[in-house]
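The structure presented is a predicted model; accordingly, all values stated were derived computationally and were not measured. Proteins come first, then strands; the chains are lettered A, B, ... in the order of their sequence lines, and each starts at number 1.
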Amino acid sequence: MSKGDMQDCLTLAIESSCDETSAAVLRGGREILSNIISTQIPVHQKFGGVVPEIASRKHIVNIMPVIDEALREAKVKLSDIGQVAVTYGPGLVGALLVGVSAAKALAFSLDVPLIGVNHLEGHIFANFLSAPELEPPFVALVVSGGHTALVRVKGYHEFELMGQTRDDAAGEAFDKIARVMGLPYPGGPEIDRLAKEGNPDAIDFPRALEEKGNYEFSFSGLKSAVLNYLNSMQQKGEEIHRADVAASFQKAVIEVLAEKALEAVGETGMDKLVLAGGVAANSSLEERLRTACEEKGIRFYFPSKALCTDNAAMIGCRGYYQALAGDGSDFYLNAVPNLGLRSISAKE
Amino acid sequence: MSILAIDTSTQVSSVAVVSDGKLAAELTMQAKLTHSETLLPHIEEVLGMANQKKEELEGIAVSLGPGSFTGLRIGLATAKAMAYALQLPIVGVPTLRALAWHFPVEGFQLLPMIDAQKGNVYVERYMWEHGKLLKKTEVQVLPVEEVIRRTEELPGTVVLMGDVISKRIEGKQTLPMHVMLAPLHLRMPRAANVALCGLELLKEGKTGNVMDMEPVYIRRSEAEVLWEKRHGKAI
Amino acid sequence: MFSEITQSPYETVQLAEKVGKRVREGTVLCLEGELGTGKTLFVQSLARTLGVEGEVTSPTFNLMNIYEGFCPIYHFDLYRLTTEEELEDIGFYEYMEAMEGIVVVEWSDKFPDSLPESYVRVQFERLQAGKEFRRITFSGVGEEQEEFLKELEDFVHTGN
């Protein structure tokens, strides 16, 4: 297909990596014709009692209704679809397999190309949908439930993974500290809430891997520091100001994320910073980055709420650009629960 | 009538095409834990071998469970999407029922069993009567030893089949004289069985709806409740 | 059953390496211990020893990671799960009983009734003696593990 044809190409995208089943139809790489998430549609629930939160069970029931609704809302027929993009990782393997199986079957039945997409790359590309004028190159800070990484996005199919976490992702660190402090799951929003009442400078928690030029992250040391602090306060019989602990911990995480992100922008000589990932919906992080970018004259991008959480449109966008670069998949595509970010050089 | 049949309820992954009264082609493989990668390539292969164009299929039959949750979802998601795209009727075939098709002979008590882990099995009892397959008991979840114990109360020859035979019974349990184990080639699920069973269901108009078909799960907690209710009732 | 004291993360890494050199396919390892006691570090080192090259991090969010080493390694983290139903839903029992590859479970103590009949329990404890000190205790559940544990203990102590 020529580039001109590609711009009109309709991509059907499917995303089922985690809690929600989603399907979307895009025209070209940027025009969303529909973006359906399972909570939006009334699916006859045959479950008795409480459905566990973590349920791959939902996906097998939701998968066809969301696809059907995505086509309906986009006012297109299945026969109009030019390619099928699907998330194949990272995520919950049982959930991923539903989307991948359905996508493969659709691509096969329609005789159209199949494109396996990395969910994290999808989060980066959500920004292209949120900000139509955005183009590479830029630095992306990816902060999702299970990943924390810095990626230099040189082109639509050219990335350099500058660094990622060696142990816990930022989101996981929040979850664990929240648990130790007796807060419910998920930890991020809970700590964020509690932190608003506390003093972020009350306790000085250490940051790891602070050396210049090191874009790796490590939060296990910080996690240990908070645990040790709480333990020793308890042993001494001193009162713990939880709001202060939350605020100080959050500040430590955000500072590390922000400093490294800004340093990366500086080092690469770029003028754009993109924040990507579901956990990016942490207001303090967004605020901190926005302010810092303003100060330095860096343009800051952050997806809208709808595009920030898991959704198929971002997968379709990424899939579109992968297809342009010839990076599709065959029918042996499998779910990879621990798929990580990769570097892609221009030649590929 | 040409149909595609799929069974991914156990470690066996099987696909078949039945058309014009022939078992045109079948591909059956006993793999490791997940066979998600190969299902669609196998479907493509078996259609090719059967010289069957996918657009000319007239139905899809898929094994619905009980069995491996992951396996069942892979098979069902694939079947539903194909049925949707090709606008074909879809029929869900109970896995245990399909297994009973291995022995379409009158006079035998058939006990197809699928592993339910933790020493338990899903089991139903079937018999063929006048060319028809009749289910004699609703699915139960029982410890495998209990199933064997209860076979003592069954008249005639009893045939055990299913993935549990190799995993937990053969060479591991003593069986009453009148109980026999299905030989290896008639022990595991096969898409051919799903196809034949599916054709019957299709004829009876028992098709499913791609929009809400779900695998048959028998949850452990439900299972425990079932067990308590049925304790003491003959299998 | 035997215990080892490690005085630093590096020593935990070395201990895991030794376990990796002796562990047999089909083994289930259940890791128990509070946050920050070294469970994930242990798994990382174990995985490396078993030929895994990519990233090895706790699947707190994804619940299960699968690594390709000399054999498949199924790495579970039950931290986020709250009900038995959820365990079943992710096919936990199927992996436990498959006797394929090696299964490692973090936070297995959340579901004591759901563990297999035969597995190796690895407990991680903090010690007063030092901030980085840990006591790591290996015990077997199920008769089949006794022989393996004896062999492991010998190897850890003597290198044979």
Side-chain angles (χ1 to χ4, degrees), chain A residues 12 14 16 21 23 41-49 52 55-69 71 77-79 81 84 86 88 92-112 114 116 329-337, chain B residues 4 6 8 13 15 31-48 53-57 60 62 64-65 68-88 90 92 208-217 219-222 225:
Chain A
L12 172 66
I14 296 168
S16 68
T21 321
I41 53 166
V43 174
H44 174 55
Q45 299 283 347
K46 294 200 285 192
F47 313 134
S56 303
R57 199 177 176 184
K58 295 187 289 189
H59 295 288
I60 188 62
V61 176
N62 293 333
I63 188 72
M64 297 317 304
V66 295
I67 290 172
D68 189 58
E69 183 60 26
L71 292 165
K77 297 190 300 276
L78 202 47
S79 52
I81 296 296
V84 180
V86 63
Y88 74 106
L92 275 46
V93 75
L96 287 165
L97 282 169
V98 172
V100 169
S101 301
K104 291 206 287 190
L106 286 174
F108 171 66
S109 302
L110 299 170
D111 288 312
V112 299
L114 173 72
S329 311
D330 62 22
F331 291 137
Y332 287 93
L333 182 68
N334 199 5
V336 181
Chain B
L4 170 70
I6 298 169
T8 50
S13 172
V15 293
K32 296 193 164 186
L33 275 172
T34 48
H35 33 64
S36 47
E37 295 156 291
T38 52
L39 180 63
L40 200 59
H42 283 182
I43 289 174
E44 196 174 25
E45 174 91 34
V46 88
L47 287 168
K53 293 208 175 89
K54 54 188 185 288
E55 296 80 10
E56 289 169 13
L57 282 169
I60 297 187
V62 61
L64 218 51
S68 153
F69 288 4
T70 307
L72 290 170
R73 286 175 191 140
I74 292 166
L76 190 55
T78 305
K80 290 207 280 189
M82 274 189 78
Y84 178 80
L86 298 168
Q87 292 172 52
L88 302 172
I90 183 171
N209 182 352
V210 294
M211 293 301 164
D212 65 9
M213 276 174 88
E214 253 201 292
V216 170
Y217 306 108
R219 293 249 165 222
R220 198 162 311 285
S221 45
E222 273 176 50
V225 168

Exercise for the section: For B/L72 and A/I60, run side-chain contact (heavy atoms from CB on, under 4.5 Å): C-alpha distance rounded to whole Å, both residues' side-chain angles, the deciding distance at 0.1 Å, then the answer. Expected result: CA-CA 10 Å; B/L72 290 170; A/I60 188 62; over 6 Å; no
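Looking at B/E55, the atoms closer than 4.5 Å to chain A (heavy atoms on both sides) all sit in the side chain, from C-beta outward. Using a 4.5 Å cut-off between heavy atoms, B/L47 touches chain A through its side chain atoms alone. At a 4.5 Å heavy-atom cutoff, A/L96 makes no contact with chain B through either its backbone or its side chain. Only the side chain of B/K54 has a heavy atom closer than 4.5 Å to any heavy atom of chain A.
A donor-acceptor contact shorter than 3.5 Å links the side chain of A/K104 to the backbone of A/L333.
Partners of B/A81 according to the side-chain contact (heavy atoms from CB on, under 4.5 Å) rule, which considers only residues two or more places apart in sequence or in another chain, are A/M64, A/A102, A/A105, A/L106. Scored by the side-chain contact (heavy atoms from CB on, under 4.5 Å) test, A/S101 finds B/I74, B/A77, B/T78 as partners (sequence neighbours excluded).
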